[in-house]
Amino acid sequence: AQKITQTQPGMFVQEKEAVTLDCTYDTSDPSYGLFWYKQPSSGEMIFLIYQGSYDQQNATEGRYSLNFQKARKSANLVISASQLGDSAMYFCATRLSGGYNKLIFGAGTRLAVHP
Amino acid sequence: NAGVTQTPKFQVLKTGQSMTLQCAQDMNHNSMYWYRQDPGMGLRLIYYSASEGTTDKGEVPNGYNVSRLNKREFSLRLESAAPSQTSVYFCASTQGDRGSGANVLTFGAGSRLTVL
């Protein structure tokens with residue numbers, strides 16, 4: 001069965017610094033994808049970035065990049081030049097087996113950006 | 001564009017009462033999902049609908065029923081609410097019905113349900 005582990009319940013970072021949020025996954029599917037979502041205090045779920053297991057390069061989206069290490073089964077999110085608006089919960093997710101884009105999520109990491 | 005719209009945003013129920021959470025998407029997506037979010041946990045899949053006319057159980061379906069009314073709408077019903085169903089409920093949708101490529105899920109704003 002798939003599993004997502006986020007071991008950092010809370011993190012803080014100084015504004016303009018970079019921060020890495022950890023995510024490890026367990027899946028037996030030969031082809032899979034990793035997602036990161038942001039949940040600000042307002043509650044909505046915002047998609048940030050996606051990495052497919054066969055993608056050759058690490059995914060990047062603006063200030064977000066994914067440090068994908070397949071052998072270690074890790075897909076860490078790197079946020080560069082942190083901003084106060086980055087303060088939020090961050091969830092890593094992957095697809096459950098059986099298709100249909102069913103996602104399984106980690107417990108999340110709460111990031112606080114300090115001025 | 002509205003995206004995924006959930007109603008109501010907040011609801012308080014007494015144990016044993018029933019209610020339906022409504023969800024509608026205007027993106028012509030095929031697949032729709034209901035998740036619940038509890039403190040300290042990530043989102044957990046309750047039910048999903050891969051396409052119009054089909055529904056199937058997710059990780060935590062007990063105590064819930066769903067209806068895919070048409071391509072746009074997917075409702076979640078609690079027949080006899082229990083305090084353990086106090087949670088934030090999210091509806092989501094995506095274009096594809098098979099896991100390939102990104103097929104990013106778009107989420108609604110959430111519905112906060114309290115069962116006393």
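In what follows, chains are A, B, ... by sequence order, proteins preceding strands, each numbered from 1.
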Under 4.5 Å heavy-atom distance to chain B, tell me which part of Tyr37(A) shows up: side chain, backbone, both or neither.
side chain
For Arg44(B), is the CZ atom crowded, meaning more than 12 foreign heavy atoms sit under 6.0 Å from it?
yes
Answer with side chain, backbone, both or neither: which region of Gln51(A) has an atom nearer than 4.5 Å to a non-hydrogen atom of chain B?
neither
Hphob cluster co-occupancy, Val4(B) + Phe10(B), side-chain heavy atoms under 4.5 angstrom:
no
State yes or no: do Val66(B) and Val88(B) share one hydrophobic cluster built from I, L, V, M, F, W and Y residues joined by side-chain heavy-atom distances below 4.5 Å, directly or via other members?
no
Structural part of Ile46(A) lying under 4.5 Å from a heavy atom of chain B
neither
For the residue pair Phe90(B) and Met45(A), what are the closest heavy atoms and their distance?
CE2-CG, 4.2 Å
Could you pull out the closest heavy-atom pair between Tyr33(B) and Asn101(A), with the gap in Å?
OH-CB, 3.2 Å
Verify the neighbour count for atom CZ of Arg112(B): are there more than 12 heavy atoms of other residues, nucleotides or ligands below 6.0 Å?
no
Leu43(B) versus chain A, the contacting section by heavy-atom distance below 4.5 Å
both
Is there a side-chain contact between Leu103(A) and Tyr35(B) (heavy atoms, below 4.5 Å)?
yes
Single-linkage hydrophobic cluster, 4.5 Å side-chain cutoff, Tyr89(B) and Leu105(B) together:
no
Do other residues, nucleotides or ligands put more than 12 heavy atoms under 6.0 Å from Lys14(B) NZ?
no
Are Leu76(B) and Phe105(A) connected in a single hydrophobic cluster, I mean Ile/Leu/Val/Met/Phe/Trp/Tyr linked by side-chain heavy atoms less than 4.5 Å apart?
no
For the residue pair Phe107(B) and Gln39(A), establish whether any side-chain heavy-atom pair is separated by less than 4.5 Å.
no
Minimal non-hydrogen separation, Ala107(A) against Gly40(B), with atom names
CB-O, 3.6 Å
Main-chain N/O of Tyr48(B) paired with Tyr100(A) side-chain donor or acceptor, under 3.5 Å
no
Rounded to the nearest 0.5 Å, what's the gap from CD on Glu44(A) to CD on Gln6(B)? Could you check?
11.5 Å
Comparing Gly43(A), Gly108(A), Gly52(A) against chain B, the one with the most heavy-atom pairs below 4.5 Å turns out to be Gly43(A)
Linking I/L/V/M/F/W/Y whenever their side-chain heavy atoms sit closer than 4.5 Å, directly or via other members, would Val104(B) and Tyr90(A) fall into one cluster?
yes
